[in-house]
Amino acid sequence: MRIQVLSSQLASQIAAGEVVERPSSVVKELVENAIDAGATSINIEVRQGGRKLIQVADDGQGIAAADIETAFMRHATSKLADIEDLNAIETLGFRGEALAAISAVSQVTAVSRTIDEKSGTRLTLAGAEITSRETVGAPPGTVIAVENLFYNVPARLKFLKTVNTERRLIDEFVTRYALAYPQIRFRLSHDNRVTFQTTGSGSLADVLLAIYGSDTARQLLAVGDVDLSGFEQSAIANLTGLGDNNDLHAFGYVGPPSLHWSNRNHITLFVNGRWIKDSSLTYAVVQAYHTLLPTGRYPLAIIFIKMPASEVDVNVHPAKTEVRFRGRTPFGTVQRAVRQTLVESSPVRPLSSWSLGYQGIQPGWAGRPDREGFQIEVDEEAAQLGLTWGPQPTQPDYGEVAMEGAETAVLPDDPKIPIMRVVGQVGAAYIITEGPDGLFLIDQHAAHERILYEKFLAEREKEAVLSQGLMAGTAVHLTPPQATLLEEYSDLLHQLGFEIEPFGPNAFMLRAMPALLAKQDPTQALMAVLEELERGDRPMQEELEAQVIKRVCKTAAVKAGQTLSRPEMEAMIRQLEACANPHTCPHGRPTLIHLSVGQLAREFGRI
Ligand code: ADP
Ligand code: MG
C-alpha cells in the first residue's frame, strides 16, 4: 500500500479517540466546559448509556454567534492566550480539542447565546462537518446535544461496555463534579428519569447527602485545616482566599474505618477543582488507614488538594485526568491530614468490628426504597453475590454444592480455628456456629471459596487437577480478541482442567471443564476465566495463574442467598477447619467473625 496522508476527517477521528474514549468522556468534557463557563446550573440528559444521546445544558456565559463555528475547530480555545498560560492552568479545559473531537465521532446540535445577544445560534454538525446553522430564540447559556456517538466509527462502538457500565461511569463523573462544585445545581437523568441531583446550595454536606445517603454521610469525618462550612459559595475544590496562595492544603472528608469497599473507586481526589487519577495519592490515603482496615478493603475518601496552579502540570494526557507535580508533591500532606483525622476520631466500638462484613454493603449503594432509582455505584462484588439490600430471595434447598470431601477432610496438627458446632444460617448468607469461646459468623461464600481454593491448589501440587468431561461438548463463540486470548493461554487452561478444541473461526468446542465447575454453566464459567485473563495487568505468569484459580473458585463457590441444609453447613465447617488458612478467602476478605463470650457479656452490660 502506498503511503498517504490521512484525510483530515480520519485524522480527527483518530485523535478523537484519545479524548472521547466512551460516553462518559463526552459527559466529562461537556460538564467541564459548562463549569468553565461559570454555570450555576447544569442539566445532563442521557439516553441508552450515552450511545443514543448525551445532552448538557448550562446557564453559563454562552458562545457568541461569531465564535460558534470556531469552537468546533481543532485546537480552538478561549482559555489559553499564549504558551505561557500553559504553565498555570486555572480552567478545566485548555486544549481546545473536546468539541472538535466529539463532533468528529457523532451528530452534534449546539444552541448557544451570550447574555449580550438578543437571540441564539443553532449549529448542527455530523462527522465534524457543519450541516446547518440558524438563528433561534434561546435563553442565555449553552445546550450541546451529542447523538449517535461513534455512528461513523463502528470499531469504537464494538468496544463499548454494556449500557449499565456506561451509565455507571457517567454517574461517577457527574457525582465527582457535584462534590467539587457544590454551588452548582447538577441534575442528571437517564432515559427520562432523574437519577441524581444537587441543590446548588454551596454546602458540601448537602452534596454528600445526595450521593451517599444519610446513613453514610452522617458518619463522614472532616479532614484538614480548612473549615469547609466557611466557604459556602465557592468551588470547594478550588477555594480562593485561603490565606497564602503559595500554601499547599489537603482537606475534605473520609469515612471511618468501619466503612470499606472492595475497590479504590470510593477514593476521590481533586487538585484545584480538577478530578484526578493518581495512584500515588490514592496510596497515601490507603496508607493512612494502615492496620485499620481488613486486607483488600478500601476506604471512602474525598480529598481536595489546593496548591498554586504553577506547581501543577495538567498537560500530561488528552483526558486531563493525570497531573504531574512540578516541585513538592502533596503526598505527605494528604497522608498526615487523613491519619490525624482517623486518630482523633473516637475509638472504634468493639461491636463495630463484629459488624464489619455488613458495612461493606452499604444500603445506600444498591438503591433503597426511599431513594428510588438512585444508583450511583453498586459494589460489584456484592451485586454479583446478589447481596443487595432488601429482602433476600428465598430459594429452595439448593443441595447442589459439591460437599464431598467433608468426610475425608483431615484436621491439621495445628488447626487455625477451633472445632465448631453449627447453630444455623442467617440471611441465607452466613452460618452461625458456636465454638469454645463464644459464637462465630461465617460468610458462606468466602469460606467456600477458601475451601475450594486450597483443594484446587492441592490437586495442582499433585498434578492431578480433576477434569470433568462434557457429554455432548459445548460450542462457544468468542470475539476475535477473546479467541486470541484463549489460544494464547491454551496451555494454562488445559492445566486447569479445560479441554477446548478449535471449531471454526472464533468458535471452540468445550469438551471438559475443571471438576470444580461441574455444576456451572460451561460457557459462563469459561467467560469468567477469560475475563480474568483479559484484565492482563499482571505481568507474572504465576500471579496470573493464581488470579485465574481464584476466579474459578469464586465462580464455583456457594453464593450468598442460597439456603444451606444442615449437613451442607456441617460439611462446609468441617472442611474450613481443615484449611491451612481458614481466616480469609483467597482475595483476603475475612471468612469468619468471632464474638467472644467476654464481648457478649460486655455488650449485654454483664461486666
Ligand atoms: P477547551 O475547553 O479546551 O477550550 P473545547 O473544545 O472543550 O476546548 O471548547 C472550545 C471552546 O468553546 C471553549 O474554549 C469555550 O470558549 C467554548 N465553549 C465550549 N463549551 C462551552 C459552554 N458550555 N459555554 C460557553 N463556552 C463554551
Ligand atoms: Mg473543554
Side-chain angles (χ1 to χ4, degrees), residues 12-13 15-21 24-45 54-83 85-106 108-117 120-125 128 130 133 138-146 149 173-174 176-177 180-181 184-187 238 272-276 309 313-323:
S12 64
Q13 279 184 2
E18 296 177 43
V19 184
V20 188
E21 246 185 311
S24 58
S25 356
V26 174
V27 173
K28 172 177 180 290
E29 294 296 336
L30 297 182
V31 167
E32 288 187 352
N33 280 346
I35 295 172
D36 283 343
T40 64
S41 167
I42 301 177
N43 197 346
I44 304 132
E45 272 189 59
I54 294 164
Q55 178 175 299
V56 176
D58 68 58
D59 61 353
Q61 68 195 27
I63 310 173
D67 282 348
I68 194 158
E69 288 177 6
T70 318
F72 285 89
M73 283 160 51
R74 289 195 69 195
H75 309 300
T77 179
S78 58
K79 301 169 194 176
L80 273 189
D82 55 47
I83 195 80
D85 292 348
L86 255 187
N87 295 327
I89 302 282
E90 309 261 5
T91 46
L92 294 171
F94 58 90
R95 303 176 70 101
E97 280 178 338
L99 291 186
I102 292 167
S103 69
V105 293
S106 67
V108 173
T109 305
V111 177
S112 195
R113 186 193 136 192
T114 63
I115 192 87
D116 311 323
E117 291 171 320
T121 309
R122 181 174 183 275
L123 192 70
T124 61
L125 302 94
I130 293 173
R133 181 195 163 116
T142 305
V143 183
I144 298 200
V146 175
L149 184 63
F173 272 116
V174 174
R176 281 172 195 142
Y177 278 111
Y181 297 87
I184 298 179
R185 182 147 37 94
F186 285 87
R187 203 164 91 122
N238 195 17
N272 296 344
R274 179 188 308 281
W275 172 73
I276 58 153
D313 183 3
V314 288
N315 193 17
V316 177
H317 186 268
K320 303 166 293 178
T321 52
E322 283 165 46
V323 296

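Each ligand, and each atom within it, is numbered from 1 in the order the structure gives.
Residue Asp36 has no N or O atom closer than 3.5 Å to an N or O atom of ligand 1. Taking only nitrogen or oxygen atoms, main chain and side chain alike, Ile63 does not reach within less than 3.5 Å of ligand 1. Backbone and side-chain nitrogen or oxygen atoms of Leu99 are examined, and one is located within less than 3.5 angstrom of a nitrogen or oxygen of ligand 1. Between Gln61 and ligand 1, no pair of N/O atoms sits closer than 3.5 Å.
How far CD1 of Ile35 is from CD1 of Ile42: 5.0 Å, rounded to the nearest 0.5 Å.
Atom numbering of ligand 1 starts at 1 in the shown order; those under 4.0 Å from a heavy atom of Glu97 are 6 (O), 8 (O). Interface of Asp58 with ligand 1, defined as ligand atoms under 4.0 Å from a residue heavy atom, comprises 22 (C), 23 (N). Each of the atoms 10 (C), 12 (O) of ligand 1 lies under 4.0 Å from some heavy atom of Ala71. Within ligand 1, the atoms closer than 4.0 Å to a non-hydrogen atom of Ala98 are 6 (O), 7 (O), numbered from 1 in the order shown. Of all atoms in ligand 1, numbered sequentially from 1 with element shown, those under 4.0 Å from a heavy atom of Phe94 are 1 (P), 3 (O). Distances below 4.0 Å separate heavy atoms of Gly93 from the following atoms of ligand 1: 2 (O), 3 (O).
A donor and an acceptor atom, one from each side chain of Asn33 and Lys28, are nowhere located under 3.5 Å apart.
For the pair Asp36 (side chain) and Gly93 (backbone), a donor-acceptor distance under 3.5 Å is present. One N or O on the side chain of Ser112 and one on the backbone of Gly141 form a donor-acceptor pair closer than 3.5 Å.
Under a 4.0 Å heavy-atom criterion, Gly62 is in contact with ligand 1. Not a single heavy atom of Glu29 sits under 4.0 Å from any atom of ligand 1.
Residue-level proximity to ligand 1 for Glu32 is absent, since no heavy atom of it falls below 4.0 angstrom. Only the side chain of Ala37 comes within contact range of ligand 1, with a heavy atom under 4.0 Å; no backbone atom does. Only backbone heavy atoms of Ala76 (N, CA, C or O) come within less than 4.0 Å of ligand 1; its side chain stays farther off.
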Compile the donor-acceptor pairs under 3.5 Å between side chains in residues 63-72 and protein atoms, sequence neighbours left out, one pair per line.
from  : atom 1 : to     : atom 2 : distance (Å)
Glu69 : OE2    : Arg133 : NH1    : 3.3

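In terms of heavy-atom proximity, Lys79 sits nearest to Thr77 at N-OG1, 2.9 Å. Considering all non-hydrogen atoms of both residues, Val108 and Ser103 come closest at CG2-CA, 3.8 Å.
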Practice problem: Take Gln61 and Ile115, measure what side chain to side chain contact (heavy atoms under 4.5 Å, CB included) needs, and give me the verdict at the end. | Solution: CA-CA 7 Å; Gln61 68 195 27; Ile115 192 87; over 6 Å; no
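Across the listed options His75, Met73, Lys79, Lys79 owns the non-hydrogen atom lying nearest to atom 13 (C) of ligand 1.
Protein N/O/S atoms closer than 2.8 Å to the Mg ion (ligand 2): Asn33 OD1.
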